[in-house]
Amino acid sequence: MIHSLFLINASGDIFLEKHWKSVVSRSVCDYFFEALERATEPENVPPVIPTPHHYLINVLRHRIYFVAVIQSEVPPLFVIEFLHRVVDTFQDYFGVCTEAAIKDNVVVVYELLEEMLDNGFPLATESNILKELIKPPTILRTVVNTITGSTNVGEQLPTGQLSVVPWRRTGVKYTNNEAYFDVVEEIDAIIDKSGSTITAEIQGVIDACVKLTGMPDLTLSFMNPRLLDDVSFHPCVRFKRWEAERILSFIPPDGNFRLLSYHVSSQKIKKKKNVFESFLCSSSLHLFDKNTLHINDSIIQFLQLLSWDVGKINPQKLPSLKGSMSLQTGASKPDENPTINIQFKIQQLAISGLKVNRLDMYGEKYKPFKGIKYMTKAGKFQVRT
Amino acid sequence: LCFNSLSHLNEDLKEMLESNKESLKLEAMKRIVGLIAKGKNAYELFPAVVKNVASKNIELKKLVYVYLVRYAEEQQDLALLSISTFQRALKDPNQLIRASALRVLSSIRVPIIVPIMMLAIKEAATDLSPYVRKTAAHAIQKLYSLDPDQKEHLIEVIEKLLKDKSTLVAGSVVMAFEEVCPDRIDLIHKNYRKLCNLLVDVEEWGQVVIIHMLTRYARTQFVSPWREDAVFDENSEKTFYDSEGRRVDQSKPYIMDPDHRLLLRNTKPLLQSRNTAVVMAVSQLYWHLAPKHELSIITKSLVRLLRSHREVQYIVLQNIATMSIQRKGMFEPFMKSFYVRSTDATHIKTLKLEILTNLANEANISTILRELQTYVKSQDKAFAAATIQAIGRCATNISEVTDTCLNGLVLLLSNRDETVVAESVVVIKKLLQTQPSQHSDIIKHMAKLFDSITVPMARASILWLMGEYCEHVPKNAPDVLRKMAKTFISEEDIVKLQTVNLAAKLYLSNSKQTKLLTQYILNLGKYDQNYDIRDRTRFIRQLIVPNEKSGALSRYARRILMAPKPAPVLQSAFKDRDRFQLGTLSHTLNSQSNGYLELSDWPAVAPDQSVRIVEVVELAGAPLLGKSKPGKSAEKFYSDSEEEEEEEGSSSEDSSSSSSEESESESEENSDDSNKSSSSESDSEKKKKTLKNKKLQQQKPDSKDSHDLALFLSQSHLFFLNKFLVVFKFNLRCIFVANCRCSLLCLCVFLACQFDAVSWHVRVSLQASFPVFVPETSHELLHRMTGKGLSAQYRFTRQPCIYGNSMVSLQLTLSNSSDQALENIHISEKSSTGQNIHRFNAIERLEPQASVTVSMGVDFNDSTQAANFQLCSTKTLRSDELSVSIQPAVGELLLPITMTEADFTKEQGKLLGMNESSATITMTPENISSQSVNRKVVSVANLGVIPSSQENIHSVPRRCLNLTKPTFWNVIKKTNCS
């Protein structure tokens, strides 16, 4: 499936290559560079590029292009999803996924890539399994390793590989047993000139950080599960119980993971509109104005950021901000009024009204510390002017 | 200088590698891996690196593996030095080490070691650890790409692994199947249901591969569920349905194959997967296989994917674009999800636009047009141009809005941006062709614009319009031609060609005004640099300017040039993409990519469904557990001849096994090998659960001085083995619990098998020996109450069956307990369910209270599935058919063979001990003698005993046994140790 992988930075240098089958010359990337040159912006590079003998599938994350070389038919999403998983793993291991981090940890990167794919077919992508095979580098461990000569590489087959819960390793131990859940909702909306909503929908996720000893079996129930329109689960969630009782029942992976992502459709939002509007401007409002102007045949791009701390809102007198924009002298008036991207954050509120009812734990004796946090953010929130 | 420093560096590394310190070596390897990662060459260090392949340090070893795989192809001779290390590691007790050895061995692309790889793969395919078997499945593809000649052998391994019930293996072996032999759809039949049922538990990457394979499979095996097609089809189709006795009308015209339904049902939950590739795979499966009215369930999930990364959006939008052409209704409620945001990448924007255009209909067109209007103003000019195209398409497709769109486009002609104007011109040109007469003012307006437009395509479009409709604009057209005559030389080719056309058309319609101009232009064209233009000029001149040579053609010049032309149909760019399977690379690129597998059309008539029926390998445990077999439908699924074919095709099919027996203690699996027991645990888990219940009930009277009896079994067919083991233990438990008081006893039973039976036969001649022990117990086949006076009992004779090698011989005792004579007792001809049964000759008459003993043979196909048949009898002229079934115990399916101890040891040695399974059995003191153990063992299974000479393990009875099928042989070794 995946033949080779090249990592290319923003300036067009190949700084890492890995081959799973016989070596593919890096000159294959020339086709990618051609496409890169044609594209006006980095995001405009087409994700799938055919070349005479190979196909290049790339993803762009953290200003690094991950270019996979394919030789024959394969579902493109398969490769794309895998590449994103690689990036997520790097981030998980090194905290950030930058060129510098990858170069510093090139050996771990190589070991990871070796474990993640065999002959181009994904082998182990579950972070819990990988962490048993290759321990993430920490400063302490590096020091210990240099002194004692021990290694970062596990000698036994990770327990998860063979068990029915591959995402969790056995023998997890914590002194403080904690389970935190963050309900984060993002509002995607387009608002037109007159202020009416063209489209709005809520995308939510529940991110969890579970540090529990042993093999806990958790159930999470909602006050109003019918709100959720369309959901996708971490593999640990028992789908049958959700179908039958609308309860999330799962043996959690160890550490951070995304338990659930869901979608609340626009019909349901309309009912909430009043709530939404009053909260819209609550804490702080950032205005981004990304615009392109033609000045003397050269395109100048500027990014203008306006940050506005609204403070408390008086419902009678909604805060408003007015101003005029002046163009640089000599510049022609742009055809289109700029689109404004708005970002805001509201703490302690899930705009859809989703509420977690209770969290229970079975299978272990201790009492865990439980916590839940709600937050609403602007997702792709655009105002057309 | 650079070279020097490089070789200096290499010297440095070489020294480090040759030092005695592990840490130095590791450091060196890390630096070398760094070099490889950067794409720098480090192959000179090969000899120094390869020495460390057997290092104890696991990280060092892994890095050496990385190096080896990278450079072995270039340094083949030296790479061979490392092979023996891997061969040794293949026998390591640690499954991770076995697996990684196989991984590296198969990744070394050196043709010489192909036989070694083949052997290793075959061995690993029967490994007890599913992880190793998974690695074997991966290795199949590697070997195939290295040496395609091995295909036939590899297919055998694939066939074997396809039967594997581990979720870990399923995805990888299907991947190998797709790579090596995607056309061997027959291998899938028997595994189809299993794959469907396992699917949810397979790891996500495997799911994608399996779903794609099953989509292809289903399209060859089931009939189309698309009712529309069936209804629209001609009468032949209707009669087909009619003949089936189902009316086509409103009611269901078609009944879905349960296997087809199974696939749809089992993939549906995967739409909730977090893996976008899985969701897409399920969506395409539904698209290609589901009845149209069930399609809507995939919509939501696909729309959800649009929140994902840019690249995911791109692929998903492409697929939605293709879908939305055929089925607007699916996505119409989600139209707003396709609204374009200014932050989207250009290719995302154009795809969204494409979908919006596809979704447009009379009801929503106004909303869509309003949205499109905002896009036209976009800063992204390529996108704005695409929007104009989209408006044009809406205008042609929906006649109500044609005028509105046209007016809007005309307004755009005064846009400041040239690309927008040019695009508008091109689109207007196409629209005008539909109704030119009403729009001469627009054409005039465009003539005026002509000077200011510089984009060649737009200029060419205007010229074409002028020529085509010169009658509507008689004043403007010659003027435009005059301007063109001036600038002709500096125009683009496409403009020049249209100028020539315009000139020709005007010459014909208005020769008075344009004759000279036309001649001038034709002269310019005659000497143009482009041969197309020269050709065209020459052709036009001959056509329109009458001379003696031109002949008849010029008379028709007007009809040729001014022929009414059909308006162009504005089509979606995704119109023809549905020829590719959705979600594939070929679909994305809209061209067939390497290795693309065509999705076949639905067959008109479904192929035989029975090919997917699997004899459930439910062992003798079933009756013991009181589980009754789900009654097989009385229908006869396949004729005898078919069955025979099947047997030939799959030689070691359902390799059943052998048995031997021992009882067991609490610990189900021997704990001294945790790996093994854990692997078998997961495999036979279900089985065990049921067992556990039983066990609780029969909790053993505790035997404090109990000792373990270890049961080692090794067998190629792991799953079978595990089941067997459990059943076995259970069996024995009943026997032993009664009379066991324990002593020091440990029994090991090796059950081994050789997959390559044929070659083995050459070396050792197998001889079926006489049974050591024939149990006298008989089982009831038919009770006299249910049999209306006829009762029947059967008994396994343990003799080689005279009716056929693969048959088990049975002795049937029939007795008449009624007061009337029974006549014509025989086995019904039509009744067998798949097993080949040799019937006894009909008994003409059986007097009251008399009984008769007959013998018959049944081929159980090495499975413990019950043989069902009907016993017919006639009593006072009323005939009765009584359904009966015989459920064989595992032990009865075996046949002992005779071999010497030496042979036994030899064969056992080939098993490498890698795939053995063990259990402990508690026994009482009186049972420790070998005789008593022997007795117990043989009473449960038909085994032979090999005399042992080994003293250290005292009294070692060994037995070999052969299966009813000679393709398979097993050895059981029983060891008594303290």
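Order of the sequence lines fixes the chain letters, A, B, ..., with proteins taken first and strands second; residue numbering starts at 1 for each chain. Worth knowing before you read on, the calculation uses all heavy atoms, side chains too, and leaves out hydrogens, waters and symmetry mates. All figures in this text were calculated on a predicted structure; none of them were measured in a lab.
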Enquirer: What I want to find out is whether B:Glu59 reaches A:Lys135 closely enough, with some N-O distance under 4.0 Å, to be called a salt bridge.
Expert: no
Enquirer: Counting heavy-atom pairs closer than 4.5 Å to chain B, which one of A:Glu126, A:Arg85, A:His19 comes out on top?
Expert: A:Arg85
Enquirer: What part of B:Val69 is in contact with chain A, defined as an atom under 4.5 angstrom from a non-hydrogen atom: side chain, backbone, both or neither?
Expert: neither
Enquirer: Does A:Arg26 have any side chain to side chain contact (heavy atoms under 4.5 Å, CB included) partners at least two apart in sequence or in another chain, and if so, which?
Expert: A:Phe6, A:Ile14, A:Glu17
Enquirer: Side-chain contact, heavy-atom cut-off 4.5 Å: B:Lys134 with A:Leu123?
Expert: yes
Enquirer: Salt-bridged, A:Glu201 to B:Arg307, with N to O below 4.0 Å?
Expert: no
Enquirer: As an exercise, state the distance from CG of A:Asn119 to OG of B:Ser106, rounded to the nearest 0.5 Å.
Expert: 7.5 Å
Enquirer: Check whether A:Glu243 gets within reach of chain B through its side chain, its backbone, both or neither, counting any heavy atom under 4.5 Å.
Expert: neither
Enquirer: Here's a test for you: under side-chain contact (heavy atoms from CB on, under 4.5 Å), which of B:Val209, B:Leu585, B:Ile315 qualifies with A:Phe78?
Expert: B:Val209
Enquirer: What class does the angle between the rings of A:His84 and B:His309 fall in, given that below 30° is parallel, 30 to 60° is tilted and above 60° is perpendicular?
Expert: parallel
Enquirer: Should the heavy atoms of other residues, nucleotides or ligands under 6.0 Å from NZ of B:Lys268 be counted, would the total exceed 12?
Expert: no
Enquirer: Which atoms of A:Ile80 come close to chain B, meaning under 4.5 Å heavy atom to heavy atom: side chain ones, backbone ones, both, or neither?
Expert: side chain
Enquirer: Please state whether the side chain, the backbone, both or neither of A:Ile198 comes within less than 4.5 Å of a heavy atom of chain B.
Expert: both
Enquirer: If you count heavy-atom pairs within less than 4.5 Å of chain B, which of A:Pro46, A:Pro235, A:Ala39 leads?
Expert: A:Pro235
Enquirer: Non-hydrogen atoms of chain B under 4.5 Å away: do they reach the side chain of A:Arg258, the backbone, both or neither?
Expert: neither
Enquirer: Pick from A:Glu111, A:Glu115, A:Glu114: which one makes a salt bridge (Lys or Arg N to Asp or Glu O under 4.0 Å) with B:Lys62?
Expert: A:Glu115
Enquirer: Under 4.5 Å heavy-atom distance to chain A, tell me which part of B:Val420 shows up: side chain, backbone, both or neither.
Expert: neither
Enquirer: Give the member of A:Ile190, A:Ile49, A:Asn44, A:Val74 that has the highest number of heavy-atom pairs under 4.5 Å with chain B.
Expert: A:Asn44
Enquirer: With a 4.5 angstrom heavy-atom cut-off, could you sort out which part of B:Tyr596 is near chain A: side chain, backbone, both or neither?
Expert: both
Enquirer: Looking at B:Tyr339, I'd like to know if its OH atom is crowded, meaning that more than 12 non-hydrogen atoms belonging to other residues, nucleotides or ligands lie closer than 6.0 Å.
Expert: yes
Enquirer: Picking from B:Gln141, B:Arg31, B:Arg70, which has the most non-hydrogen pairs under 4.5 angstrom with chain A?
Expert: B:Arg70
Enquirer: Could you measure the distance from the CG atom of B:Leu597 to the CD atom of A:Glu73? Nearest 0.5 Å is fine.
Expert: 7.5 Å
Enquirer: Quick check on the interface: out of A:Val106, A:Leu260, A:Asp230, who has the most heavy-atom pairs with chain B under 4.5 Å?
Expert: A:Asp230
Enquirer: Between B:Glu179 and chain A, which part of the residue has a heavy atom less than 4.5 Å away: side chain, backbone, both or neither?
Expert: side chain
Enquirer: In Å, rounded to the nearest 0.5 Å, how long is the span from CD1 of B:Ile36 to NZ of A:Lys18?
Expert: 8.5 Å
Enquirer: Can you say whether A:Val109 sits under 4.5 Å from chain B via the side chain, the backbone, both, or neither, judging by heavy atoms?
Expert: neither
Enquirer: To the nearest 0.5 Å, how far apart are CD in B:Gln272 and CH2 in A:Trp242?
Expert: 9.5 Å
Enquirer: So, taking the atom named NZ in B:Lys142 and the one named CH2 in A:Trp20, what distance separates them when rounded to the nearest 0.5 Å?
Expert: 13.0 Å
Enquirer: Side chain from CB out, backbone as N, CA, C, O: work out which of these in B:Glu27 comes under 4.5 Å of a heavy atom of chain A, or both, or neither.
Expert: neither
Enquirer: Side chains of B:Glu204 and A:Thr125: closer than 4.5 Å at any heavy-atom pair?
Expert: yes
Enquirer: Hey, which of B:Ala345, B:Ala37, B:Ala277 has the most heavy atom pairs under 4.5 Å with chain A?
Expert: B:Ala37
Enquirer: I'd like to verify something: which residue of B:His347, B:Gln284, B:Glu178, B:Arg341 has the highest number of heavy-atom pairs under 4.5 Å with chain A?
Expert: B:Arg341
Enquirer: Between A:Arg61 and B:Glu311, does any NZ, NE, NH1 or NH2 come within less than 4.0 Å of an OD or OE carboxylate oxygen?
Expert: no
Enquirer: Is the shortest side-chain heavy-atom distance between A:Pro75 and B:His212 below 4.5 Å?
Expert: yes
Enquirer: Considering only heavy atoms, which portion of B:Gln313 lies under 4.5 Å from any heavy atom of chain A: side chain, backbone, both, or neither?
Expert: side chain
Enquirer: Please identify, among A:Pro50, A:Ser22, A:Pro76, the residue contributing the most non-hydrogen atom pairs under 4.5 Å to chain B.
Expert: A:Pro76
Enquirer: Walk me through it: do A:Ser232 and B:Arg304 pass the test side-chain contact (heavy atoms from CB on, under 4.5 Å)?
Expert: CA-CA 9 Å; A:Ser232 79; B:Arg304 185 187 70 230; 3.4 Å; yes
Enquirer: Less than 4.0 angstrom from a charged side-chain N to a carboxylate O is my criterion; do A:Glu81 and B:Arg274 meet it?
Expert: no
Enquirer: Counting only heavy atoms closer than 4.5 Å, note whether A:Phe233 contacts chain B via side chain, backbone, both or neither.
Expert: both
Enquirer: What residues, two or more places apart in sequence or in another chain, satisfy side chain to side chain contact (heavy atoms under 4.5 Å, CB included) together with B:Lys61?
Expert: B:Tyr65
Enquirer: Nearest 0.5 Å please: distance from the OG atom of B:Ser586 over to the OH atom of A:Tyr55.
Expert: 6.5 Å
Enquirer: Measure A:Leu60 against the heavy atoms of chain B and call it side chain, backbone, both or neither at under 4.5 Å.
Expert: both
Enquirer: Any ion pair linking B:Lys349 and A:Glu43 (charged N to carboxylate O, less than 4.0 Å)?
Expert: no
Enquirer: What are the two closest heavy atoms between B:Gly171 and A:Phe121, and how far apart are they?
Expert: O-CZ, 4.3 Å
Enquirer: So do A:Gln382 and B:Ser342 actually touch side chain to side chain, heavy atoms under 4.5 Å?
Expert: yes
Enquirer: Given the options B:Asp201, B:Thr346, B:Asn275, which has more heavy-atom pairs under 4.5 Å with chain A than any of the others?
Expert: B:Asn275
Enquirer: If you count heavy-atom pairs under 4.5 Å between each of B:Arg109, B:Arg103, B:His587 and chain A, which one has the most?
Expert: B:Arg103
Enquirer: Quick one, B:Val208 and A:Leu77 - any side-chain contact, counting heavy atoms below 4.5 Å?
Expert: no
